[in-house]
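Please read the structure below before turning to the comments.
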Amino acid sequence: MIRSHSCGELSLPQVGQTVTLAGWVASRRDHGGVIFIDIRDRYGLTQIVFDSEENAPLHAVADRLRNEYVISITGKVSVRPDESENLHLPTGRIEIRAQTLELLNEAKPLPFSVEDDVHTSESLRLEHRYLDLRRPKMQQLLQLRSQVSHLTRQYLHEKQFIEVETPILTKSTPEGARDYLVPSRVNPGDFFALPQSPQLFKQILMIGGLDRYFQIARCFRDEDLRLDRQPEFTQIDLEMSFVEREDIMQLIEDLIRLLFKDTKHIDLPNPIPRLTYEEAMSRYGTDKPDQRFELLLQDLSEFAKTCDFQVFRRAIESGGMVKGLIIPKGAAFTRNRIDNLIETAKEFGAKGLAWVKINDEGQLDSSIAKFLNTAALREALPSANPGDLLVFVADQATTVHQVLGRLRLLLGEELQLVDRTRWEPLWVTDFPMFEYDEASQRHVALHHPFTAPHPEDIPLLDSAPLEAKTLAYDLVLNGFELGGGSIRIHSPNMQEKVFDLLKISKEEAREKFGFLLDALESGAPPHGGIALGLDRLIMLLGQTESIRDTIPFPKTQKAQCLMTHAPSSVAPEQLQELSIRTTTKKPTADS
RNA sequence: GGGGCCGUCGUUCAGCCAGGUUAGGACGCCAGAUUGUCAAUCUGGAAGUCGCGGGUUCAAAUCCCGUCGGCCCCGCCA
């Protein structure tokens, strides 16, 4: 070892010892006769003193040190003189009086300085990720990630889970997200796909009698990126046999509470509250509500039935609804601000946004006031107070919920209603089995086509499939979907029926999922599972703004790596070997 | 596929709306001074094809068009 201690551990008890530290030069303060160097490693920062009176030749060497040089120094741990302690540093009561200095490596002046409050663009950070990773914040996030993985493994091993690796080169299943494809050289013209999730393999493992499987699994989806979406991401993926929905939810609740407690000393509620999909949509306009603030959707449909405002009446008559938000103190909004709100609502898909101010005397102040009975409206919205602004959307339920759900989030931010100290986990259950997709004129699975229906809803599959609910559950935290799972279909007959309802023909089902159908016919146990997004979990636990901060080498929004410049063109010989011809005009790389 | 914001010394910003001397500040860098700093300080210095291409103009960082790149959002993400 070329060090005896780390840069974060020395303090008063070690005073008098001779130690060797190694690390990067974090800062150099040259006072002429004396030079202070802060040496940094993953564990912290320690001040080194070079005194020209004590050791003139060494002081001369220290004079040449620059930021981010890699050095090793040996010296004596000493108490700092009075008045010169730095109480902001854990090592701030001591310093090392240098006796020898070894320069292990130099560094050019760097494109940005290694500090926590980076004043630099993210693209530069990504291009020089090795520098960015030296920042304490990035190191803490990666350490947190490692800790969460470790605790999860430990917890699941204790519960008899077996960690299994499923294939990365697998079969393309074109339902759902786009696949990343990998050409097969040995089978010209054929392609592997990278897994979007280990879904089918983990079900096969249950049929294979593994009973309890987990994997910290890399997943790939070739879709456009977002703040919380990367093309490759990691899921804590698990599956269990002979269980019911409650068993899995309980297991995951305990895990997530343990993770928050052990890493950040945060006590999540026990039990974690639950809403059905229907309740979530109805109150929050979304299936992943952020419950750190109220601003609930208010149902005004009853009032709308009898009021004189045609827009409201017609919405009800054509099978829609009228819902609104009570914006506290919103009566103070200027006309301009309300107009902007209306524009935003239209961008979100509304035909318009009706608004009513309740003035300080309790009277309505609005262009549609003449159509509304003040007393009836106040009675329909008992929680609205003088000084509030009411906004309403009248439309079909889907539109009303989507528009108001998004307005709610926007206003929550704008009006600073979000309490950032709160942690609000939530289970959302009883998702519908299907949605009707207008574009393709057929039912599509809301979750995935292997999700089991509620036992009492099975008859609905024939009579009213859109009303059938599933045994699915999503875990939501502060408005982010942390993960989701379900009890799966284990009956081959039910699985065929669901494929049928999804208009997947027998031949198609056989070709895509034949192995699963065969497996289901060979003694499949009842089973279910869940997958949690590890990257998002770390983002929330680590309180960082982007999923990219939790991934050591993330991609940009164009799905590129700025450090390696992947993806890149390849040599023509490589393509030829793979029997591939590209249609772009871009030149291929020279070999 | 669509909408928005951004691109100026190594870095981060100002300048752009209202075109006109040597494009300016801070940090960093280089040199010198400095024996108790920890955002060290003081003095001096170097450093920019204003993302790229085209256009308008006597004159473009500034106005117009295109293009490339980064970020945010919609679509998409069973």
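Computation of the quantities below employed the complete heavy-atom set of this structure, encompassing side-chain atoms and omitting hydrogens, waters and symmetry-equivalent molecules. Letters A, B, ... are given to chains in the order of the sequence lines, protein chains preceding strands, and every chain is numbered from 1. The structure displayed is predicted, hence computed values, not measured ones.
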*Run the salt bridge (Lys or Arg N to Asp or Glu O under 4.0 Å) check on A:Arg218 and A:Glu232 step by step: do they pass?*
CA-CA 7 Å; A:Arg218 197 71 63 87; A:Glu232 55 178 307; 2.7 Å; yes

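- Counting any heavy atom pair closer than 4.0 Å across all strands shown, A:Ile35 reaches no nucleic acid atom.
- When each of A:His88 and A:Glu122 is assigned the nucleotide of RNA chain B with its nearest heavy atom, A:His88 is the one assigned upstream, toward the 5' end.
- A 4.5 Å side-chain heavy-atom check between A:Phe36 and A:Val49 finds at least one atom pair inside the cut-off.
- Between A:Gln402 and A:Arg406, some side-chain heavy-atom pair lies under the 4.5 Å cut-off.
- Across B:rC17 and B:rC72, the matching P atoms stand 30 Å from one another, rounded to whole Å.
- When side chains are defined from C-beta on, A:Phe192 does not count as touching A:Thr170, because their heavy atoms never get closer than 4.5 Å.
- Distance check on atom C1': B:rG3 versus B:rA40 gives 48 Å, rounded to whole Å.
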*Is there a side-chain contact (heavy atoms from CB on, under 4.5 Å) between A:Thr166 and A:Lys202 once you walk through the steps?*
CA-CA 8 Å; A:Thr166 53; A:Lys202 66 177 177 175; 5.8 Å; no

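- The interatomic distance linking A:Glu127 (CD) with B:rG7 (C1') rounds to 14 Å, in whole Å.
- A:Phe513 contributes atom CZ, which lies 13.5 Å from atom CG of A:Asp518 (distance to the nearest 0.5 angstrom).
- A distance of about 37 Å separates the C1' atoms of B:rA39 and B:rU21, rounded to the whole Å.
- Distance check on atom C1': B:rU67 versus B:rG25 gives 32 Å, rounded to whole Å.
- B:rA31 is paired with B:rU43 under the criterion used here, namely a Watson-Crick or G-U wobble arrangement in which both key atom distances are under 3.5 Å.
- Atom CG in A:Asn67 sits about 16 Å away from atom P in B:rC38, given to the nearest Å.
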Pairs under 3.5 Å (N/O, protein and nucleotides 33-36 of chain B):
residue, atom, partner, partner atom, Å
B:rU34, O2, A:Asp30, O, 3.3
B:rU34, N3, A:Asp30, O, 3.1
B:rU34, N3, A:Gly32, N, 3.2
B:rU34, O4, A:Asp30, OD1, 3.1
B:rU34, O4, A:Asp30, OD2, 2.9
B:rU35, OP2, A:His31, O, 3.4
B:rU35, OP2, A:Gly33, N, 3.1
B:rU35, N3, A:Asp51, OD1, 3.4
B:rU35, O4, A:Glu53, OE1, 3.4
B:rU35, O4, A:Glu53, OE2, 2.4
B:rG36, O6, A:Arg97, NH1, 3.0
B:rG36, N1, A:Glu95, OE2, 2.9
B:rG36, N2, A:Glu95, OE1, 2.4
B:rG36, N2, A:Glu95, OE2, 3.2

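- Listed for the A:Thr344 side chain is a donor-acceptor partner under 3.5 Å among the backbone atoms of A:Asn340.
- A straight line from CZ of A:Arg226 to C1' of B:rG3 spans 12 Å, rounded to a whole angstrom.
- Nucleic acid contact class of A:Leu227 (heavy atoms, under 4.0 Å, all strands): sugar-phosphate only.
- Outside the 6.0 Å centre-distance limit, the rings of A:Phe201 and A:Tyr213 are not counted as a close aromatic pair.
- If you measure from atom NZ of A:Lys346 to atom P of B:rC73, you get 25 Å, rounded to the nearest angstrom.
- Side-chain contact between A:Ile547 and A:Arg229 is absent, with no heavy atoms from C-beta onward closer than 4.5 Å.
- The aromatic rings of A:Phe431 and A:Tyr277 lie tilted to each other, with the angle between the two planes from 30° to 60°.
- Under the Watson-Crick and G-U wobble criteria, each requiring two contacts below 3.5 Å, nucleotide B:rA14 is left unpaired.
- Both distances falling under 3.5 Å, in either a Watson-Crick or a G-U wobble arrangement, place B:rC5 opposite B:rG70.
- Searching all strands for a Watson-Crick or G-U wobble partner of B:rU62 with both distances below 3.5 Å returns nothing.
- Comparing the P positions of B:rC16 and B:rG54 gives an interatomic distance of 26 Å, to the nearest angstrom.
- Rounding to whole angstrom units, CG of residue A:Asp224 and P of B:rG1 are separated by 9 Å.
- Backbone-only contact: A:Leu446 has heavy atoms under 4.0 Å from sugar-phosphate atoms and none from a base.
- Rounded to whole Å, the C1' atom of B:rC71 lies 24 Å from the corresponding atom of B:rC65.
- Heavy-atom neighbours of A:Glu127 CD from other residues, nucleotides or ligands within 6.0 Å: above the threshold of 12.
- In the interface, the side chain of A:Arg229 is paired with the base of B:rC77 through a donor and an acceptor atom under 3.5 Å apart.
- Considering only side-chain N and O atoms, A:Arg28 lies nowhere under 4.0 angstrom from the phosphate OP1 or OP2 of B:rA40.
- Following rounding to the nearest Å, A:Leu407 (CG) and B:rC73 (C1') show an atom-to-atom distance of 15 Å.
- Remark on RNA chain B: of its neighbouring residues A:Ser27 and A:Glu347, the 5'-side contact belongs to A:Ser27, judged by nearest-heavy-atom nucleotide.
- Of the C1' atoms belonging to B:rU34 and B:rA26, the separation is 23 Å, rounded to the nearest Å.
- In this pair, A:Tyr436 and A:His443 present their aromatic rings perpendicular. The plane angle is above 60°, beyond the 30 to 60° band.
- Only A:Arg548, A:Thr556, A:Gln557, A:Lys558, A:Gln560, listed by number, bring a heavy atom of residues 547-560 of chain A to less than 4.0 angstrom from any atom of RNA chain B.
- In this structure, CG of A:Leu65 is placed 13 Å from P of B:rC29, rounded to the nearest angstrom.
- Side-chain N/O atoms of A:His565 and A:Gln560 include no donor and acceptor closer than 3.5 Å.
- Nucleotides B:rU62 and B:rG75 place their C1' atoms 36 Å apart, quoted to the nearest Å.
- Atom CD of A:Glu68 and atom P of B:rG28 are 13 Å apart (whole Å).
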Between the protein and nucleotides 44-52 of chain B, list the N/O to N/O atom pairs that are separated by less than 3.5 angstrom.
none

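- Just one of A:His128, A:Arg134, A:Arg129 meets the side-chain hydrogen bond (donor to acceptor under 3.5 Å, both in side chains) condition when paired with A:Asp132; it is A:Arg129.
- Remark: A:Ser121 is in phosphate contact with B:rU12, judged by side-chain N or O atoms under 4.0 Å from OP1 or OP2.
- In this structure, of B:rC77, B:rG10, B:rC38, it is B:rC77 that holds the atom nearest to the side chain of A:Ala177.
- Among the atoms of the strands shown, base atoms are found under 4.0 Å from some heavy atom of A:Glu85.
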